[in-house]
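For reference, the structure is listed below as structure tokens.
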Amino acid sequence: MKNDLLSVALDYSDTPGGRYEEEGPNSGERFRDTLLLPGFLAARASDTVLTVSLDAVEGYATSFLEEAFGGLVRKLRDRDQRPPTAEMINRYLKVECHDVPLWADDARRYIQKALKACGELVPA
Amino acid sequence: MSGTYHDRQHNNEHASQLMRTAIEYLMGTDQRHPYRAYGYGVLIDLMTNTFKHADPDTQARHNWWVYGYPHPTARYTYCFSFVDNGVGILTSVEGKHLKGKLDWVFDSVGLLSATRKLRLIMEGKTMSRTEQEERGEGLPRLYEYVMHYQSISAVTIITNDVKANLPTQEYVDLPHPFQGTFIHFELTLRPQV
């Protein structure tokens, strides 16, 4: 499968902020709405993989990562009128971070929790 | 350094500058380092939490202040003292469910102690009422940095009527409540030779 790269540092900001734009600049909400969700939808439409790189930033607030990645699941549910499946997310989205691998783990964990909250059963 | 709701556009610059200064003091250069990244994330969560802790009655927005400084006696330790004048952590989570059934029952009838409640919040044992959003991950992450990764060497929290020392796991009731949240944390890092 073709692989498209979305770098938070290069394509968005190397100083990510908090959850919502009203709380300050470079929020997880705006990253999700302007880059992550459109990138995911394009990958799904073209059957390619969107790889999100979390490297080369100052750091991440937990609220940024939750709103971006957990929020992606919620936005897909609202858009498609049904919860996305774990299989769909895993097929079209890859998250990586070499600087601090914990952040990629966090992003994946927030996706899993959002899927669970949306009613999607997540394999243990 | 201080910030207000109206000044929030500068939060990220403030957090970045504070962490660069700390790492430069500890390592002699402001190079990228996981500790710099951990501290940045903690500061952003604390600054933005201030907005979340608006007074539910008046919706008044609150201010925060943070002071970064070298430890007075420990050469390889840098300290951060953060304070906001919001409603405090315990007040801001009122209405949230607790994951343990017994704790939830005690809380719902007003019999859960403030010290126990803050401990549960730090350990991530609360969940939102709606389950639509997973909020309140910042404090459990700070707890993880202290207890599991040892990247942050000391954390003291004073909020509402509780004082907590995370490394020693001491949670004590305060005779006089504090309106707001005070969090002190320290980064300890020895340069590699």
Side-chain angles (χ1 to χ4, degrees), chain A residues 8-9 12-32 54-75 77-78 83 97-103 105-107 109-120, chain B residues 3-20 22-23 30-54 61 64 124 127-145 148-149 151:
Chain A
V8 175
Y12 188 59
S13 170
D14 63 357
T15 54
R19 181 181 296 273
Y20 298 123
E21 201 61 14
E22 69 163 15
E23 297 171 337
N26 309 332
S27 66
E29 175 186 37
R30 188 162 64 86
F31 171 72
R32 178 199 65 211
L54 302 177
D55 285 322
V57 300
E58 287 290 323
Y60 289 100
T62 55
S63 49
F64 177 97
L65 292 174
E66 202 291 322
E67 188 60 28
F69 292 95
L72 173 68
V73 171
R74 295 186 287 270
K75 282 284 179 180
R77 175 202 58 196
D78 295 344
C97 187
H98 302 292
D99 291 347
V100 181
L102 175 67
W103 290 333
D105 294 341
D106 276 350
R109 185 164 58 87
Y110 294 139
I111 288 171
Q112 300 273 308
K113 288 176 88 168
L115 284 169
K116 192 176 171 192
C118 288
E120 165 68 8
Chain B
T4 66
Y5 179 72
H6 299 291
D7 185 37
R8 62 195 182 282
Q9 293 303 320
H10 301 292
N11 279 357
N12 306 4
E13 294 165 37
H14 291 330
S16 175
Q17 187 55 52
L18 282 162
M19 293 315 304
R20 282 170 187 265
I23 292 299
D30 67 349
Q31 66 191 69
R32 283 196 191 282
H33 188 282
Y35 283 22
R36 177 174 141 191
Y38 297 157
Y40 175 88
V42 168
L43 286 173
I44 293 289
D45 269 330
L46 292 176
M47 290 170 181
T48 53
N49 276 350
T50 302
F51 305 135
K52 195 171 66 186
H53 297 167
R61 304 290 185 169
W64 56 258
M127 55 191 182
S128 67
R129 278 167 290 187
T130 62
E131 283 291 293
Q132 292 300 299
E133 295 168 352
E134 281 298 328
R135 285 170 171 253
E137 297 271 347
L139 292 170
R141 171 45 48 87
L142 182 60
Y143 180 85
E144 282 181 356
Y145 283 157
H148 300 152
Y149 298 99
S151 52

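We name chains A, B, ... by the order of the sequence lines, and we start the count at 1 in each one. When reading the values below, keep in mind they use all heavy atoms of this one structure, side chains included, and skip hydrogens, waters and symmetry mates.
Considering only heavy-atom pairs separated by less than 4.5 Å from chain B, the leading option among A/Gly17, A/Ala61, A/Gly18 is A/Ala61. Comparing B/Gly39, B/Pro34, B/Ser16 by heavy-atom pairs within less than 4.5 Å of chain A, the highest count is held by B/Ser16.
Summarising the geometry of A/Asn26 relative to B/Asn12, their closest heavy-atom pair is ND2-ND2, 3.5 Å, with the distance given to 0.1 Å.
Counting heavy atoms from C-beta on, the side chains of B/Glu137 and A/Arg19 never come closer than 4.5 Å. Counting heavy atoms from C-beta on, the side chains of B/Thr48 and A/Ser63 come closer than 4.5 Å. Between B/Arg20 and A/Glu58, the closest side-chain pair of non-hydrogen atoms falls below 4.5 Å. No side-chain heavy atom of B/Tyr40 sits less than 4.5 Å from a side-chain heavy atom of A/Val57.
Checked against salt bridge (charged side-chain N to carboxylate O under 4.0 Å, His left out), A/Asp106 has the following partners two or more places apart in sequence or in another chain: A/Arg109, B/Arg141. For A/Arg32, the salt bridge (charged side-chain N to carboxylate O under 4.0 Å, His left out) partners are A/Glu67, not counting sequence neighbours.
Here A/Tyr60 contributes atom OH and B/Tyr38 contributes atom OH; the two are 14.0 Å apart, rounded to the nearest 0.5 Å.
Looking at A/Leu102, only its side chain comes within 4.5 Å of chain B, counting heavy atoms on both sides. At a 4.5 Å heavy-atom cutoff, the contact between B/Arg32 and chain A is made by side-chain atoms alone.
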